[in-house]
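Just follow the structure's listing: the first ligand is 1, and inside any ligand the first atom is 1. Please read all numbers here as calculations on a predicted model, not as lab measurements.
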Amino acid sequence: MAEQAAAAPTEPDIATKPDAAGRHASPTLLRFLTCGSVDDGKSTLIGRMLYEQDFILDDQFAALERDSRRHGTDGDNIDYALLVDGLQSEREQGITIDVAYRYFSTPKRSFVVADTPGHEQYTRNMATGASNAELAVILVDARKGLLPQTLRHSIIVSLLGIRHVVLAVNKLDLVGFDQAVFDAIASDFRKFTERLTIESLQAIPISARHGDNVSSRGARTPWYRGPHLFEYLETVDVGSSRVTLPFRMAVQWVNRPNNPTDAKLHDFRGLSGQIASGIVRKGQQVAVLPGCIKTTIKDIWTYDGSLDEAFCPQSVTICLEHDIDISRGDMIVGLDLLPGMESELRARTCWMHTRALSAGKKYFLKHTTHTVQAVAYDAAKNVTRSTVVTVYK
Ligand SMILES: Nc1nc2c(ncn2[C@@H]2O[C@H](COP(=O)(O)OP(=O)(O)OP(=O)(O)O)[C@@H](O)[C@H]2O)c(=O)[nH]1
Ligand SMILES: [Mg+2]
């Protein structure tokens with residue numbers, strides 16, 4: 001192993017920039033989704049939030065007024081769902097089909113929200129929207145309570161590792177802002193989630209159409225003393241538990257600018273990726289898996305320059321003391337608690353295909369930034385639906 005000779009670059013463009021999905025190094029970024037059963041008011045809620053926080057430009061609002069007259073479901077009033085339901089067939093049917101992503105920032109936090117469809121037929125689109133989120137806003141129509149699709153979405157949320165949930169009990173205007181209705185739904189939901197892995201749950205009574213408890217406290221729910229939805233989303237802590245875990249970062253890209261006109265950039269070799277858990281510091285000893293080669297962190301770069309330390313979920317470019325052979329999919333880990341490495345694993349899966357996972361079949365398995373071939377087999381014939389997947393590198 002040769003020592004890396006190059007000096008660190010000073011140009012900011014060497015470090016990770018926000019990607020196409022808006023992910024960047026800001027620790028205040030919150031990625032969340034809205035989900036729940038069909039027509040619970042998910043799109044209306046997102047549209048209302050964007051409107052109330054002044055994220056709608058004048059010309060967008062004029063288009064919204066026009067579209068509401070044409071496609072709206074609220075008489076002559078503004079139909080806020082049309083801000084997210086942009087597809088022709090979505091507008092014709094008044095439902096969401098595809099996931100719509102919206103990006104917005106307040107002085108306290110940046111948000112990426114995925115508005116997902118409630119219709120059972122589009123459950124896989126909901127799971128796609130959930131796959132990158134840290135928090136789920138699960139909506140419930142106060143008149144209907146928990147429906148099978150509410151529970152299905154809640155299970156998917158938990159399966160995909162989302163640990164923070166807001167239960168938004170919506171359309172309270174249609175039940176006279178009755179506290180008893182809210183309390184009963186919140187209590188049913190708490191009971192249901194005892195079986196799921198959820199770290200924080202906040203129930204909020206709202207009316208997405210009229211704005212109660214969305215961006216300000218609703219006068220019509222004096223019995224509710226908790227935060228309104230926006231206040232909660234701006235302050236909820238979703239990252240801390242992963243920060244306390246051992247350091248793990250899958251290499252997404254070996255960053256070699258090979259810029260012949262700049263001596264500093266010419267020999268630069270950094271490893272870019274998003275920190276999945278823990279904290280990493282300059283001078284820290286790490287191992288690179290799967291070879292378990294030990295080395296030291298020489299430098300940590302972000303778009304804003306060099307850092308002494310970085311933590312999850314920041315996206316960074318790491319330089320190592322030693323010039324180790326590393327490629328996309330390798331993992332840089334702290335030495336304190338090395339992850340186990342297995343070629344066989346047992347997993348609880350969220351299966352999207354109409355044909356079930358079947359023993360003996362070969363599949364592609366995506367492991368962090370790496371795709372490998374795997375074969376499924378029955379772990380024990382007497383255990384129904386239990387399948388083990390063997391992974392080949
Ligand atoms: N009265 C009342 N109506 C609401 C409220 N929120 C939403 N609605 C209405 O409920 C209907 C469905 O709203 P959407 O926002 O499209 O529901 P959704 O959950 O996005 O629906 P899918 O994406 O198709 O699952 C629309 O007519 C809304 O105007 C509310 O708080 N009160
Ligand atoms: Mg919708």
With no hydrogens and no angle check, just 3.5 Å: does a side-chain donor-acceptor pair link Arg281 and Gln284?
no
Out of [options], indicate the one that has the non-hydrogen atom closest to [atom].
atom: atom 14 (P) of ligand 1; options: Thr44, Leu45, Asn170; result: Thr44
atom: atom 30 (C) of ligand 1; options: Glu90, Arg209, His210; result: Arg209
atom: atom 1 (N) of ligand 1; options: Asp173, Val175, Asp212, Val84; result: Asp173

Minimum heavy-atom distance Ala356-Tyr363, with the two atoms named:
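In terms of heavy atoms, the two residues are closest at O-OH, 4.1 Å.
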Closest heavy-atom pair, Arg163 versus Thr197, reported as atoms and distance to 0.1 Å, is NH1-O, 2.9 Å
Classify the contact between Thr34 and ligand 1 as side chain, backbone, both or neither, using a heavy-atom distance cut-off of under 4.0 Å.
neither
Looking only at atom types and distance, does a side-chain atom of [X] sit under 3.5 Å from a main-chain N or O of [Y], one as donor and one as acceptor?
X: Arg109; Y: Leu233; result: yes
X: Asp40; Y: Lys42; result: no
X: Arg217; Y: Asp212; result: no

Same cluster or not: are Phe61 and Leu82 linked, directly or through other Ile, Leu, Val, Met, Phe, Trp or Tyr residues, by side-chain heavy atoms under 4.5 angstrom apart?
yes
Partners passing ring-ring contact (aromatic ring centres under 6.0 Å, His included) against Phe230 (at least two apart in sequence or in another chain):
Phe111
If the condition is ring-ring contact (aromatic ring centres under 6.0 Å, His included), which residues does Phe182 pass it with, not counting sequence neighbours?
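Once residues adjacent in sequence are excluded, the partners of Phe182 under the ring-ring contact (aromatic ring centres under 6.0 Å, His included) criterion are Trp223.
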Starting from [atom], what is the nearest protein heavy atom, named by residue and atom, and what distance separates them?
atom: atom 17 (O) of ligand 1; answer: Gly41 N, 3.2 Å
atom: atom 12 (C) of ligand 1; answer: Asp39 OD1, 3.5 Å
atom: atom 10 (O) of ligand 1; answer: Lys171 NZ, 3.0 Å
atom: atom 18 (P) of ligand 1; answer: Lys42 N, 3.5 Å
atom: atom 26 (C) of ligand 1; answer: Thr73 OG1, 3.2 Å
atom: atom 23 (O) of ligand 1; answer: Thr96 OG1, 2.7 Å

At a 4.0 Å threshold, what atoms of ligand 1 neighbour a non-hydrogen atom of [X]?
X: Leu174; answer: 1 (N)
X: Ser207; answer: 30 (C), 31 (O), 32 (N)
X: Ile95; answer: 24 (O)
X: Ala81; answer: 15 (O), 16 (O)

Atoms named by residue and atom, protein N, O or S, within reach of the Mg ion (ligand 2) (under 2.8 Å):
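Near the Mg ion (ligand 2), the protein supplies Ser43 OG, Thr96 OG1.
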Is any side-chain heavy atom of Val157 less than 4.5 Å from a side-chain heavy atom of Ile198?
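Of all side-chain heavy-atom pairs linking Ile198 with Val157, none is under 4.5 Å.
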Has Asp58 got more than 12 heavy atoms of other residues, nucleotides or ligands less than 6.0 Å from its CG?
no
Hey, do the aromatic rings of Phe247 and Phe311 have their centres closer than 6.0 Å?
no
Please determine which of Val99, Ile46, Leu45 meets the side-chain contact (heavy atoms from CB on, under 4.5 Å) test together with Val84.
Ile46
Could you work out the complete set of other residues in the hydrophobic cluster of Tyr122, with links drawn between I, L, V, M, F, W and Y side chains under 4.5 Å apart?
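Listed partners: Val38, Ile95, Ile97.
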Can you find an N/O atom of Leu172 closer than 3.5 Å to an N/O atom of ligand 1?
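No, no N or O pair falls under 3.5 Å.
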For Asp85, is at least one N or O under 3.5 Å away from an N or O on ligand 1?
no
